[in-house]
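As structure tokens, the structure follows; a few thoughts come after it.
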Amino acid sequence: MIHKNLVILTGAGVSAESGVPTFRASDGLWEGHRIEAVATPEGFAANPALVQDFYNQRRRHLATVQPNAAHRALADLAARWDGDFLLVTQNVDDLHDRAHAETPPASGFELIHMHGELNKARCTASGVVCDWTGDLEAEQASPHHPRGRMRPHIVWFGEMPLAMERIEAALERCDLFVSIGTSGAVYPAAGFVQLARMACARTVEINLQPTQGARLFDEGVYGPATEAVPAFVADL
Ligand code: NAD
């Protein structure tokens, strides 16, 4: 079957083999921390030093990891794809970005970080987002507003994911939807497969093992992303 409009959703599993730990690997803890403590606005208000330090460590760790064969296979696909290709990632790392920088994509390609990016910071007063590759201090003053502080440009639980209108519009007209390395436990991303089904798209899940929502997909491809994704892309 020829596909024209592709939407791919990725989660922490696509970066796991690069050495970026997934979310739920250890009973709901993220790198030893409760999710509420490091990934909610309330956690940030209660202990800004802890939260800034948590993301400072994740940001520093990025410099030590590289895109893997799954990121590169998707970048190769984006370079060759003759149609619309929206890559939506829940990941806040920059491994997709780096893979696509090595292999520039065709004109119909777009990458959206729906949960924000570690290498960016946001002013709490003006909302201005800027590149930020160093550490953030607990009460980091904003260069954009006299009363603003800079916080990680990360969508925390209870906050609205980014670019949802753009993503939903692409899902409504896609004919192939592929979900890679995501547990399907975090909404709204977990609901994307239903929107794709309403568009009568072919739906495929790629993961280490079937997820809770596996029955919503037409097909499942199971194995490590660095093997399963290149094989799937080669078959396309
Ligand atoms: P998750 O941790 O909930 O689930 C990871 C999924 O990946 C699981 O289903 C697991 O079976 C699968 N997986 C693990 N290793 C794999 C591999 N080698 N190959 C294929 N699949 C593999 O992650 P999620 O669903 O992305 O959850 C959501 C939240 O975690 C997001 O909000 C995201 O922002 C955040 N997060 C991001 C990163 C990152 O930026 N890399 C890392 C951890 C958490």
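Read the numbers this way: they start at 1 and go in the same order the structure lists the ligands and their atoms. Values reported hereafter were calculated over all heavy atoms of this structure, with side chains retained and with hydrogens, waters and symmetry mates removed.
- Residue V186 holds the heavy atom nearest to atom 28 (C) of ligand 1 of all those in T211, L95, V186, V92.
- Taking every heavy atom of E17 and a limit of under 4.0 angstrom, the matching atoms of ligand 1 come to 17 (C), 18 (N), 19 (N).
- Among the atoms of V20, none of the N or O lies under 3.5 angstrom from an N or O of ligand 1.
- The distance from ligand 1 to the heavy atoms of G181 drops below 4.0 Å at these ligand atoms: 5 (C), 6 (C), 7 (O), 21 (N).
- No side-chain donor from either of T203 and E219 sits under 3.5 Å from a side-chain acceptor of the other.
- Salt-bridge annotation for R166 and E172: absent, with no side-chain N of the basic residue lying under 4.0 Å from a carboxylate O of the acidic one.
- Using a 4.0 Å cut-off between a side-chain N of Lys or Arg and a carboxylate O of Asp or Glu, R173 and D84 qualify as a salt bridge.
- Under 4.0 Å from ligand 1, heavy atoms of S183 appear from its side chain as well as its backbone.
- Counting heavy atoms from C-beta outward, S142 and R149 have side chains that stay 4.5 Å or more apart.
- Of all the heavy atoms of T182, the ones lying under 4.0 Å from any atom of ligand 1 are found in both the backbone and the side chain.
- A donor-acceptor pair shorter than 3.5 Å can be found between the side chains of T10 and T89.
- By the 3.5 Å distance cut-off applied to N or O atoms, P21 is not counted among the residues near ligand 1.
- Residue contact check: A16 has heavy atoms under 4.0 Å from atoms 15 (N) of ligand 1.
- For ligand 1, the atoms sitting less than 4.0 Å from at least one non-hydrogen atom of Q209 are 11 (O), numbered in the order shown with element in parentheses.
- A donor-acceptor contact under 3.5 angstrom links the side chains of T226 and E17, judged on distance only.
- At least one heavy atom of P224 sits under 4.0 Å from some atom of ligand 1.
- Comparing heavy-atom distances from atom 39 (C) of ligand 1 across V14, T226, D93 singles out D93 as nearest.
- Between G11 and ligand 1, not a single N/O pair is under 3.5 Å apart.
- A cation-pi arrangement, defined by a distance under 6.0 Å to the six-membered ring centre and an angle within 45 degrees of its axis, is absent between R122 and W132.
- Residues H153 and N119 have side chains that never bring a donor and an acceptor to within less than 3.5 angstrom of each other.
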